[in-house]
Amino acid sequence: MTTVGFIGSGQIGRTVARLAVGAGHRVVLSNSRGPRTLADTIAELGPRASAATSEEAATAGDLVVVTVPVKAFPDLPAAMPAGKTVIDTCNYGPERDGHIPELDNGSLTSSELLLRHLPEARPVKAFNNIYYKHLLSLARPAGAADRSFLPIAGDSAPAKAEVTAFIESLGYGVADAGPLAEGRRQATGTPVWGTPYGPYSDEQGRPADEATIRAALAAATR
């Protein structure tokens, strides 16, 4: 059993937390408005869930899920423990985040930008390419013929192994896309972003096997 700290509790964060609780993990949720605002979510998730401040969630988690707007990176807890594996679910959107030159010109990925703010962490890009309703509905047990895959990217092999084990426990296979810089292949608007799992109008989604995800990653261009 893993304890997973969440910095941000939006749609993807709450969905990952729900799957994690279902898989037997503990979750510690936080948001920018304070623990009291998460009371309903905690009640829904049950006794394996608790609410805390962002700093407390970052410290409590064996893994930490960062699921906030990219513009909020400067507000992340400065005291992130060294060596902590961080799952970055975030997508850059200039219309929401404002224009960030390094992301606009492709010299950095959003995960590399995150690493600038959390230099002691080990970030792994994951969960950013799938609609939250599909993430919930497409989970399947290990060995299922229709098990879907999610891409990940990261520079630390131990961190990627840790994240892979966690994702597999939630009901998904993993397609390793390579180092953190290759996270661009699963960024907003790329072939692997949303499309392999079906349209948003179909809330159940469609399974996407490893070959489908790898083909979509390979089709990404700068």
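We use all heavy atoms of the structure for the numbers below, so side chains are in, but hydrogens, waters and symmetry mates are not.
- Looking at Glu112 and Arg116, no side-chain N of the basic residue comes within less than 4.0 Å of a carboxylate O on the acidic one, giving no salt bridge.
- What you find for Phe149 and Ala175 is that their closest heavy atoms are CD2-N, 4.1 Å.
- Contact annotation: the side chain of Pro123 approaches that of Leu180 to within less than 4.5 Å [non-hydrogen atoms, C-beta and beyond].
- The distance from atom OG of Ser137 to atom CG of Asp202, rounded to the nearest 0.5 Å, is 7.5 Å.
- Rounding to the nearest 0.5 Å places CG of Leu170 at 11.0 Å from OG1 of Thr15.
- With contacts defined as side-chain heavy-atom distances shorter than 4.5 Å, the pair Thr2/Glu162 does not qualify.
- Defined by atom type and a distance below 3.5 Å, a donor-acceptor pair is missing between the side-chain atoms of Lys125 and Thr109.
- At a cut-off of 3.5 Å, with distance as the only test, a side-chain donor of Thr85 or Arg122 sits close to an acceptor on the other residue.
- Counting heavy atoms of neighbouring residues, nucleotides and ligands inside a 6.0 Å radius, atom CZ of Arg96 exceeds 12 of them.
- A heavy-atom distance below 4.5 Å is not found between the side chains of Val4 and Val28.
- Looking at every heavy atom in both residues, Leu45 comes nearest to Ala49 through CB-CB, 3.6 Å.
- Using a 4.5 Å cut-off on side-chain heavy atoms (C-beta onward), Tyr172 and Ile130 make contact.
- Between Lys133 and Tyr197 there is no side-chain heavy-atom pair separated by less than 4.5 Å.
- Within the model, atoms CG of Asp88 and CG of Leu115 stand 10.0 Å from one another, a figure rounded to the nearest 0.5 Å.
- By the criterion of side-chain heavy atoms lying less than 4.5 angstrom apart, applied directly or through intervening Ile, Leu, Val, Met, Phe, Trp or Tyr residues, Val16 is grouped together with Val163 in one hydrophobic cluster.
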Verdict with supporting geometry, Ser54 and Phe6, side-chain contact (heavy atoms from CB on, under 4.5 Å): CA-CA 8 Å; Ser54 295; Phe6 287 79; over 6 Å; no
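- Val64 and Val21 fall into different hydrophobic clusters, where Ile, Leu, Val, Met, Phe, Trp and Tyr are joined by side-chain heavy atoms under 4.5 Å apart, directly or via other members.
- Between the side chain of Thr37 and the backbone N or O of Gly34 there is at least one donor-acceptor pair closer than 3.5 Å.
- With values rounded to the nearest 0.5 angstrom, Leu118 atom CG is found 10.0 Å from Glu120 atom CD.
- With contacts defined as side-chain heavy-atom distances shorter than 4.5 Å, the pair Ser148/Asp209 does not qualify.
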Val27/Leu29 under side-chain contact (heavy atoms from CB on, under 4.5 Å): CA gap, chis, key distance, verdict: CA-CA 6 Å; Val27 299; Leu29 276 68; 3.5 Å; yes
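- Hydrophobic clustering (ILVMFWY, side-chain heavy atoms < 4.5 Å, transitive): Val174 and Trp193 are in one cluster.
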Verdict with supporting geometry, Val65 and Ile7, side-chain contact (heavy atoms from CB on, under 4.5 Å): CA-CA 6 Å; Val65 177; Ile7 300 176; over 6 Å; no
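- With sequence neighbours excluded, the residues satisfying ring-ring contact (aromatic ring centres under 6.0 Å, His included) with Phe166 are His25.
- Considering every non-hydrogen atom in both Ala126 and Ile87, the closest pair reads CB-CG2, 3.9 Å.
- By the neighbour-count criterion of 12 heavy atoms within 6.0 Å, atom CZ of Arg206 is densely surrounded, having more than that number from other residues, nucleotides or ligands.
- Atom NZ of Lys160 and atom CD1 of Ile167 lie 11.5 Å apart (nearest 0.5 Å).
- Val124 and Leu113 fall into different hydrophobic clusters, where Ile, Leu, Val, Met, Phe, Trp and Tyr residues are linked whenever their side-chain heavy atoms come under 4.5 Å apart, directly or through other members.
- Evaluation of the ring-ring contact (aromatic ring centres under 6.0 Å, His included) test over residues 200-222, restricted to residues two or more places apart or in two chains, returns Tyr131-Tyr200.
- In terms of heavy-atom proximity, Phe127 sits nearest to Ile12 at O-CD1, 3.9 Å.
- Nearest heavy-atom pair across Ser30 and Ala52 is CB-O, 3.2 Å.
- Interatomic distance, NZ of Lys71 versus OH of Tyr92, reported as 12.0 Å (0.5 Å rounding).
- Here the shortest heavy-atom pairing between Pro196 and Pro191 reads CD-O, 3.5 Å.
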Full working for side-chain contact (heavy atoms from CB on, under 4.5 Å) between Leu135 and Leu150: CA-CA 10 Å; Leu135 179 62; Leu150 297 171; 4.2 Å; yes
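- Panel note: side chain Arg214, backbone Thr212; no donor-acceptor pair is recorded below 3.5 Å.
- Counting heavy atoms from C-beta outward, Thr89 and Val66 have side chains that stay 4.5 Å or more apart.
- No donor-acceptor contact under 3.5 angstrom links the side chains of Ser9 and Asn31, judged on distance only.
- When the options Asn91, Asn129, Asn128 are evaluated for a side chain to side chain donor-acceptor pair (under 3.5 Å) with Gln186, the one that passes is Asn128.
- Contact of the Leu114 side chain with the Leu76 side chain is registered, since non-hydrogen atoms from C-beta on lie closer than 4.5 Å.
- For Arg147, the CZ atom is densely surrounded, since the number of other residues' heavy atoms within 6.0 Å is greater than 12.
- A donor-acceptor pair shorter than 3.5 Å can be found between the side chains of Glu56 and Thr53.
- Counting heavy atoms of neighbouring residues, nucleotides and ligands inside a 6.0 Å radius, atom CG of Asp146 exceeds 12 of them.
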